[in-house]
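The structure appears right after this line, and notes come after that.
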Number of protein chains: 2
Amino acid sequence: MIPRAAKTQRRTRIQEEKEEKILQAALDVFSAYGFRGATIDQIAEAAGMSKPNLLYYFRTKEAIHRALLDRMLFTWLEPLQAFDSEGNPETEIRSYIRRKLEMSRDYPRESRLFANEIIQGAQHIEDGLKGPLKELVDEKAEVIRAWIKAGKIAKCDPYHLIFSIWSTTQHYADFDVQVQAVLGDKSGEGRFEDAARFLEDLFMRGLGIK
Amino acid sequence: MIPRAAKTQRRTRIQEEKEEKILQAALDVFSAYGFRGATIDQIAEAAGMSKPNLLYYFRTKEAIHRALLDRMLFTWLEPLQAFDSEGNPETEIRSYIRRKLEMSRDYPRESRLFANEIIQGAQHIEDGLKGPLKELVDEKAEVIRAWIKAGKIAKCDPYHLIFSIWSTTQHYADFDVQVQAVLGDKSGEGRFEDAARFLEDLFMRGLGIK
DNA sequence: TTGATATTTGACCGATTGGTAAAAGCTTAC
DNA sequence: GTAAGCTTTTACCAATCGGTCAAATATCAA
């Protein structure tokens, strides 16, 4: 009867499928309107099921949102995880920019979900920011500091460096409408490569690499 | 009876005051929840008046939002307007970064209002983006291109350069919660100067200036 | 002081909100 | 095939949504 903690402990095939379908629909709606602006009815319709049916799988609107954010924070942090202290600055930073840019291109809804949440005060994810995110950033900031000390990159504040990579890459997902309005609908193909080349050049030169 | 187009054609002192108070309250609410997530009741309470009283000055929720965005787009574009083709690249770009960063510090609600609107599809401001904004950016992109041709700054895509300045500077307003979570509540004072120094250095070196 | 006008209020409207109750329909292991 | 449990639906709820209306009240020029 209660699916989340059924006696069997094992999730049904139907549960698996429906929950995934709900999360996909919820991602559409939450990323487009934010938490408060989204409605369960909208999500249910996008998922192709009735509202009570949806509420059978997720007991509240907040539960859906939380499930999405949990999954999100993990994939959002992944590229930074890959940041390797052993590697050399050029390839590490270059590929970090690439990966973040690819995420903006391939998962714009996830990026906007996250952006909406942060802009609106991060009330549902505050712990995730002050916990795992801060720890990871602190760790990688140390790596950058070590590169600076070794004279491999120019002296700069590692935290603001990370912020600037985040903001410039996510911009293409979060502010896509604005980017499209300015660049026109043309050049949709080359856009990604143009942005990648620009950002890589900017940061390489900006950090005195190469 | 109808305040916006009264017979007198002249706005009353009370009108002036109340409308301003409503817009301030609406800025709080819209910037925190986006258009759909905000409610008239919230705005009315924040403005210290009853809902029907508020609706006496602005006929619909959308009218308040539109009034805010109109005012906003103007001030948002102002720093870019100041971008002078006569000046030299270093001072122009430096001061543009400064001004955008100051806007993030001094008008974070306005920045978030704008960010919410764009992220959520810019349905209420699309014309403003494809019209005045695009024209202004096109114009300033030409200025940058001229600097490149004159060999004053490194070769790069002027549009992506503008995007990167927008995103890095606005980040400190829109994603303030995240920045605070990562940097900790300490160093609130020096934060602005740290960011300014980092970004100026990054872009100066990145553009081969100095 | 008065009358015209500008402002404010309380009571109300239909639609939508997040969520519930209970029963009907469906799967699946046996 | 059947019974136990899983899934879906219909009908519904109180609260809140954006917005209206008419009456009451405040302001101000003459």
Side-chain angles (χ1 to χ4, degrees), chain A residues 1-26 28-30 32-69 120 123-124, chain B residues 1-23 25-26 28-30 32-69 116 120 123-124:
Chain A
M1 205 185 203
I2 297 171
R4 331 276 329 270
K7 285 178 187 171
T8 55
Q9 289 293 65
R10 207 168 48 80
R11 293 168 72 212
T12 319
R13 171 188 53 88
I14 296 181
Q15 266 174 56
E16 207 94 36
E17 289 172 6
K18 293 283 163 106
E19 285 181 10
E20 186 54 36
K21 203 161 192 182
I22 291 169
L23 288 177
Q24 284 299 324
D28 273 338
V29 178
F30 280 130
Y33 298 109
F35 180 75
R36 290 206 37 175
T39 72
I40 300 183
D41 298 78
Q42 266 181 303
I43 299 171
E45 198 194 332
M49 62 182 75
S50 66
K51 181 166 61 171
N53 195 8
L54 181 150
L55 287 165
Y56 170 72
Y57 292 100
F58 293 90
R59 283 211 284 247
T60 62
K61 178 178 165 182
E62 223 183 318
I64 314 173
H65 194 240
R66 194 165 34 236
L68 272 179
L69 283 180
Q120 302 189 4
Q123 292 168 347
H124 311 91
Chain B
M1 207 187 201
I2 297 170
R4 330 279 326 273
K7 285 179 189 171
T8 55
Q9 288 294 65
R10 206 167 49 81
R11 294 170 70 212
T12 318
R13 172 187 52 87
I14 296 180
Q15 265 174 56
E16 206 95 36
E17 288 172 9
K18 292 284 164 102
E19 284 181 11
E20 187 53 37
K21 203 161 192 181
I22 291 169
L23 288 176
D28 273 337
V29 178
F30 281 129
Y33 298 109
F35 180 74
R36 290 207 37 176
T39 70
I40 299 182
D41 296 79
Q42 265 180 303
I43 299 171
E45 198 193 332
M49 62 182 76
S50 66
K51 181 166 61 169
N53 195 7
L54 182 150
L55 286 165
Y56 170 72
Y57 293 101
F58 292 91
R59 284 211 284 245
T60 63
K61 178 179 165 182
E62 224 183 315
I64 314 174
H65 195 240
R66 194 164 34 236
L68 273 179
L69 283 180
N116 262 312
Q120 302 190 3
Q123 292 167 347
H124 311 91

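Computed from a predicted structure; not experimentally measured. Every chain is numbered from 1, with letters handed out A, B, ... down the list of sequences.
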Using whole Å, what does the distance between atom [atom2] of nucleotide [N] and atom [atom1] of [X] come to?
X       : N      : atom1 : atom2 : value
A:Met49 : C:dG19 : CE    : P     : 17 Å
B:Phe58 : C:dT7  : CZ    : P     : 13 Å
A:Glu62 : C:dT17 : CD    : C1'   : 15 Å
A:His65 : C:dG18 : NE2   : C1'   : 15 Å
B:Tyr57 : D:dG18 : OH    : C1'   : 20 Å
A:Ile22 : D:dT7  : CD1   : C1'   : 12 Å
A:Phe30 : C:dG18 : CZ    : C1'   : 12 Å
B:Glu17 : C:dA6  : CD    : P     : 17 Å

Partners of [X] by side-chain contact (heavy atoms from CB on, under 4.5 Å), sequence neighbours excluded?
X        : answer
A:Gln120 : A:Asn116, B:Asn116, B:Gln120
B:Ala38  : B:Val29, B:Phe30
A:Ala32  : none

May I ask you to evaluate whether [X] reaches the phosphate of [N], defined as a side-chain N or O under 4.0 Å from OP1 or OP2?
X       : N      : answer
A:Asn53 : D:dT7  : no
B:Lys61 : D:dC17 : no
A:Lys18 : D:dC6  : no
A:Gln15 : D:dC6  : no
A:Tyr56 : D:dT8  : no

Using five pairs at either end of the helix from C:dT1-D:dA30 to C:dC30-D:dG1, determine the angle between the two local helix axes and round it to 10 degrees. 20°

Show the numbers, then the answer: is there a side chain to side chain contact (heavy atoms under 4.5 Å, CB included) between B:Tyr33 and B:Thr39? CA-CA 9 Å; B:Tyr33 298 109; B:Thr39 70; over 6 Å; no

Does B:Arg66 have any salt bridge (charged side-chain N to carboxylate O under 4.0 Å, His left out) partners at least two apart in sequence or in another chain, and if so, which? B:Glu62

According to salt bridge (charged side-chain N to carboxylate O under 4.0 Å, His left out), who are the partners of A:Lys51, at least two apart in sequence or on a separate chain? A:Asp41

CG of A:Leu68 to CZ of A:Phe58: how many Å apart, nearest 0.5 Å? 7.5 Å

In Å and rounded to the nearest 0.5 Å, what is the OH to CD distance from A:Tyr57 to A:Glu17? 9.0 Å

Under 4.0 Å protein heavy-atom contacts per nucleotide of nucleotides 10-15 of chain C, with B for base, S for backbone only and - for none: BB----

Can you check whether B:Ala47's main-chain N or O pairs, donor with acceptor, with B:Lys18's side chain at less than 3.5 Å? no

Near-strand residues of residues 36-47 of chain B, defined as heavy-atom separation under 4.0 angstrom from DNA chain D: B:Ala38, B:Thr39, B:Ile40, B:Asp41

Is the CD atom of A:Glu45 crowded by more than 12 outside heavy atoms at less than 6.0 Å? no

Which pair of heavy atoms, one from B:Ala67 and one from B:Leu23, lies closest together, and at what distance? CB-CD2, 4.0 Å

One pair to check against side chain to side chain contact (heavy atoms under 4.5 Å, CB included): B:Gln42 and B:Asp28. What are the steps and the verdict? CA-CA 10 Å; B:Gln42 265 180 303; B:Asp28 273 337; over 6 Å; no

